[in-house]
Every structure is written in C-alpha cells, then in structure tokens.
Amino acid sequence: WKRLFGGGKQAEPAEPAPSFEPHDPLEAALMAAARDPAARPDFERMLLEAELYVATPEAPAEASARTVGAGETLRLLNVADPQGNPIPAIFTGEARLAERFGAGSGYARLPAKVLFEMFAQSGAWLNPGLAYGVLWSADDLAHLLGKPVRRTIAKETKLLLGAPAKRPEALIRSIAAAVADAPTVQEAWLALAYWPEGNASWYLDIRSTAEPD
C-alpha cells in the first residue's frame with residue numbers, strides 16, 4: 001500500500017516519487033488526495049467527470065472514436081491485486097497506461113462513470129504499479145456512484161442507537177439546502193453507523209414520492 005488509497009483502508013503515503021509529475025489537473029488532485037484525506041472528496045468529484053483509459057489486448061491500426069454497440073464485448077487487460085486476484089486496470093492517461101503495459105499498447109477511453117458501472121461487481125485499480133493510484137473494492141465503487149451498499153450481519157449483534165453528542169451542523173445545512181426546493185422530497189434522515197470492525201458510514205434516508213432513480 002504505497003501512495004495508494006481506497007475505501008476504508010488508508011495508510012500514510014510514502015514520500016512522493018520524483019518521477020511522477022502530474023500530467024493534468026486530475027493527476028494533481030490524485031496526488032493531493034494521497035497526501036491529505038481531506039482532499040479526497042474533491043478528487044472524487046473531479047474523477048466522476050473525467051474520462052479514463054483501459055488497456056486492450058490488441059492495438060488498432062489507427063486511433064479512432066466509435067460507440068460500443070449493445071451486447072458487444074470489450075476485452076480489457078487485468079492486473080493482479082495485492083491478494084493475487086485479477087482486477088480491472090484503469091489509468092488516468094494514455095502515458096500512464098503505456099508505463100504499465102508498454103508503448104503501443106491498445107487502449108480505450110471511456111467516461112469514469114461508465115467504467116465504474118462496468119466494474120461494479122469486481123472493483124478496479126487506478127494506475128496499478130505506478131507511484132500514485134487507488135484500489136477500489138466493489139463496495140468502494142458503489143459509494144463513488146452513490147449506490148447503496150448492503151451489509152449482512154451473520155451473527156447475533158447488539159445494536160445501539162443514540163443522538164450525536166455533537167451535531168454535524170454544516171452537513172445538515174448542506175443537505176437541507178439541497179432538498180429544500182425538491183417538491184417530491186417528504187423527509188430526509190441522516191445517520192452515522194459505526195461497525196464492529198471500526199469503520200464508519202454516513203447514511204442519508206430520503207422519503208419521496210418520486211421514482212427511485
């Protein structure tokens with residue numbers, strides 16, 4: 001876990017590698033997020049609006065833009081995660097992909113949200129093997145996409161409910177401002193869950209007459 005962050009598994013990044021100079025604002029935000037957890041929300045917002053690169057087994061004769069048809073299979077290259085399991089590899093740029101797979105490698109450029117939907121069941125690794133990257137589990141990608149993550153408690157567990165000693169006033173104001181003018185929102189409930197393994201998760205429960213999407 002070297003200059004790598006993802007999900008609830010965080011560690012202190014090593015000193016920045018001199019050879020890794022950011023090529024664009026997204027990579028600059030990635031480096032800032034690796035150094036300072038407070039910078040991660042800004043990086044994630046920028047990431048969801050970005051286009052990312054994935055490697056393909058064969059390079060086309062020439063670069064071109066096209067739409068992948070319904071039912072068409074897009075073959076991509078994987079890497080091994082720290083446990084040795086295959087995981088999709090994603091890159092912040094064509095040059096980063098070439099650093100990992102070699103110059104002249106085939107690639108496809110797709111919106112980050114599309115890639116995260118594609119890899120929702122497996123997780124993904126951004127910039128694997130490079131100085132700065134992120135390893136996402138399937139649950140991490142669900143959080144990025146704003147989807148619910150289900151937790152199953154398989155053994156008898158004591159549940160405790162309580163009011164916060166210190167209300168998150170800024171967060172409450174932000175949520176209230178976001179839903180204030182939404183006519184279909186009836187109620188909004190905010191909760192913070194602490195899990196036995198030490199992780200914490202915010203939950204926002206929206207009661208609405210609208211369709212789920």
Before we go on, tell me: are the rings of Trp189 and Tyr203 under 6.0 Å apart, centre to centre?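 No: the rings miss the under 6.0 Å criterion.
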Less than 4.5 Å apart, any side-chain heavy atom of [X] and any of [Y]?
X	Y	answer
Gln186	Ile206	no
Ile87	Asn78	no
Lys113	Glu49	yes
Glu99	Leu130	yes
Phe101	Thr56	no
Leu47	Leu30	no
Asp140	Phe116	no
Trp202	Pro168	yes

Over all heavy atoms of both residues, which pair between [X] and [Y] is shortest? Give the atoms and the distance, please.
X	Y	value
Ala120	Ala138	O-CB, 3.2 Å
Leu97	Gly106	CD2-O, 4.1 Å
Val134	Phe43	CG2-CE2, 4.2 Å
Ala38	Pro41	O-CD, 3.5 Å
His23	Glu27	N-OE1, 2.8 Å
Leu141	Ala124	CD1-N, 4.2 Å

Between Arg100 and Arg96, does a side-chain contact (heavy atoms from CB on, under 4.5 Å) hold up when you go through it step by step? CA-CA 7 Å; Arg100 181 63 175 80; Arg96 301 304 181 189; over 6 Å; no
Does either side chain, that of Asn127 or that of Thr92, offer a donor lying less than 3.5 Å from an acceptor on the other one?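 Side chains of Asn127 and Thr92: pair found under 3.5 Å.
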Can Asp205 and Arg207 be said to form a side-chain contact (heavy atoms from CB on, under 4.5 Å), step by step? CA-CA 7 Å; Asp205 179 9; Arg207 307 295 174 90; 2.9 Å; yes
Return yes if some donor-acceptor pair links the side-chain N/O of Arg40 with the main-chain N/O of Ala33 below 3.5 Å, else return no.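 A pair under 3.5 Å: yes.
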Main-chain N/O of Thr209 paired with Thr184 side-chain donor or acceptor, under 3.5 Å: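 A pair under 3.5 Å: no.
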Inspect the surroundings of CG in Asp181 and state if more than 12 heavy atoms from other residues, nucleotides or ligands are less than 6.0 Å away.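 Counting neighbours around CG of Asp181, 12 or fewer heavy atoms of other residues, nucleotides or ligands fall under 6.0 Å, so no.
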More than 12 non-hydrogen atoms from neighbouring residues, nucleotides or ligands closer than 6.0 Å to CD on Gln121, yes or no?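 No, because the 6.0 Å sphere around CD of Gln121 holds 12 heavy atoms or fewer from other groups.
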How long is the straight-line distance from [atom2] of [Y] back to [atom1] of [X], given to the nearest 0.5 Å?
X	Y	atom1	atom2	result
Leu110	Leu115	CG	CG	4.5 Å
Trp125	Phe91	CH2	CZ	10.0 Å
Leu144	Leu48	CG	CG	5.5 Å

Walk me through it: do Ile172 and Arg167 pass the test side-chain contact (heavy atoms from CB on, under 4.5 Å)? CA-CA 8 Å; Ile172 291 172; Arg167 285 165 52 92; 3.6 Å; yes
Salt bridge (charged side-chain N to carboxylate O under 4.0 Å, His left out) for Arg109 and Glu94? Distances and angles first, verdict last. CA-CA 9 Å; Arg109 186 180 67 193; Glu94 182 183 353; over 6 Å; no
Verdict with supporting geometry, Tyr53 and Ile90, side-chain contact (heavy atoms from CB on, under 4.5 Å): CA-CA 6 Å; Tyr53 292 73; Ile90 305 176; over 6 Å; no
Shared ILVMFWY cluster between Leu126 and Leu145, side chains joined below 4.5 angstrom?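 Cluster IDs for Leu126 and Leu145 match.
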